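Computed over heavy atoms, backbone and side chain alike; hydrogens, waters and symmetry mates excluded. All of these numbers come straight from a predicted model, not from anything done at the bench. Along the sequence shown, the residues carry numbers beginning at 1.
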Amino acid sequence: MAFSNTVSQTVFNTRRVIDNAIRRCKIPAQSITAEHIDIANDQLYLFLSDLANQGAPLWCIEKQIYPLYSGVGYITTTDGTVDILNSNLRWLQEATGTNTDTSTTRTVYWASATFVTTVGVLWTAASVPIALERSDDGTVWTTIQTETPSASAGEWTWYDLSSSVATQYFRVRATSGTLSFDQVYLGNTPTEIPLARMNRDDYTNLPNKSFQSTRPLQYWFDRQVNNPVMRLWPVPNDAATVYQIVLWRQRYIMDVGTMTQEIEVPQRWYEALVAGLAAKMALELVEVDAGLIPVLDTKAAQALAIAQMEERDNSPMMIAPNISMYTR
C-alpha cells in the first residue's frame, strides 16, 4: 500500500475553514461574496473568544515571569490574559563573579564552572534586543537564546534559560543598540512557593493593604476588561525587587489573521471549528435554509463535545482528603 509518509503536514488555513463551513450551509461557491467572508471572520472570532468561557485550552496555557517593585502592590497582566491557573513567588541564589562591561555587553567570569538558570536585567534606558551566551574560554561563545524585551528605564526583565549548562563565562550582549543597565542578575537554585488566591471580600477586608514584606503571599485577581490585575498582599518591599512572580496563565486563542494564515487550534479541533462556524453562519446568512439550522447546531454541539473531552493531558490525578478536623 502507498501512503503519504507525512503526518500533520496539510495546511488548513483560514480560507479552507471558511470554505468548508460555507459549504455545510449549502451555499454555492459562486454565490460567496466579500460580505460573506467578513461575516465568517466575525463569527470565527466570536467562536474562538467564547472557547475561553468553556475551560482552558491546553495550548493556551503559558508561563510568564513578572518583576516586583518596592511599594508596588499590583501586577498588570499582559494582553489576552483570561485567568491565572498557578502562581508562585520565586527567589534565586545570585551567581556573582568577576564582571567586565562594554557598551554592548556584560560578561561574568567564575573561577569554576557555574550554572545559570535565570537572567534579570534592570534597565536604565529603553530595552534593546539581547542574546544570552555562554563560553568555556571567553573566546568562543554559544548563544543560549535571544530575547526582545519591552521595558523602560527603571524596569526589570527576567528570563529563564532554555538550557542550563555549567560554564565559566556568561554574557549578556545587545544585538543592536547600547546595553544600558543598572544591574544584571544571574541566578540559580530557584525556590518557588505558591501564592494563595483571595476573593474580593477577603482582599477588601484587609486592615492594611499597604503592609510591606519581602514575600507577597496572597493576591486577589481583579478581572478588568483588557488587562486583569493581580493585587498582592503583602506589598513587596526593597528586598523583594530581585524576586519574581511566576505565573501559568490562560490566554485567549490568537486573533484570526489573513486568509492564508492558519488558526491557532490543534488539528484535533478542526472538525469542531468548522462545524461551529457553520452553525453560527447559518444564523447570519439569509440564504441558508432555516430547516438546516437545527442540523448544523446538533453537529456543532457534538463536535465541540468530542473535542473538549480530549482536551486533557492524561496525567494522573491525586486526591488528598483533609480529615485533620476529625482527628485532633
Any side-chain heavy atom of [X] within less than 4.5 Å of one from [Y]?
| X | Y | value |
| --- | --- | --- |
| Leu68 | Leu232 | yes |
| Met254 | Arg251 | yes |
| Ile18 | Thr14 | yes |
| Thr118 | Asn188 | no |
| Gln244 | Trp156 | no |
| Asn99 | Thr107 | no |
| Phe12 | Glu262 | no |
| Leu92 | Tyr243 | no |

Looking only at the side chains, is there a donor atom on one of [X] and [Y] sitting less than 3.5 Å from an acceptor on the other?
| X | Y | value |
| --- | --- | --- |
| Glu192 | Asn88 | yes |
| Gln224 | Asn226 | no |
| Thr260 | Asn13 | no |
| Tyr66 | Gln64 | yes |
| Trp123 | Thr157 | yes |

Got more than 12 heavy atoms from elsewhere within 6.0 Å of NZ, Lys299?
-> no
Evaluate whether atom CZ of Arg200 has more than 12 neighbouring non-hydrogen atoms of other residues, nucleotides or ligands under 6.0 angstrom away.
-> no
Taken to the nearest 0.5 Å, the spacing of Leu85 CG from Arg249 CZ works out to 10.5 Å
If only atom types and distance count, is the side chain of [X] paired as donor or acceptor with the main-chain N or O of [Y] below 3.5 Å?
| X | Y | answer |
| --- | --- | --- |
| Ser127 | Ala151 | yes |
| Gln145 | Ser162 | yes |
| Asn227 | Thr77 | yes |
| Asp50 | Leu46 | no |
| Thr102 | Thr105 | yes |
| Trp110 | Thr96 | yes |
| Lys209 | Thr204 | yes |
| Glu155 | Ser152 | yes |

Can you check side-chain hydrogen bond (donor to acceptor under 3.5 Å, both in side chains) on Ser180 and Thr178, steps first, answer last?
-> CA-CA 6 Å; Ser180 301; Thr178 301; 5.3 Å; no
Test side-chain contact (heavy atoms from CB on, under 4.5 Å) applied to Asp136 and Thr167, step by step | CA-CA 6 Å; Asp136 292 324; Thr167 185; 3.7 Å; yes
Six-ring centre of Trp158, Arg90 cation under 6.0 angstrom, axis tolerance 45° = no
Considering only NZ, NE, NH1 and NH2 on the basic side and carboxylate oxygens on the acidic side, decide whether Arg23 and Asp19 come within less than 4.0 Å.
-> no
Any salt bridge between Glu287 and Lys26, counting N to O under 4.0 Å?
-> no
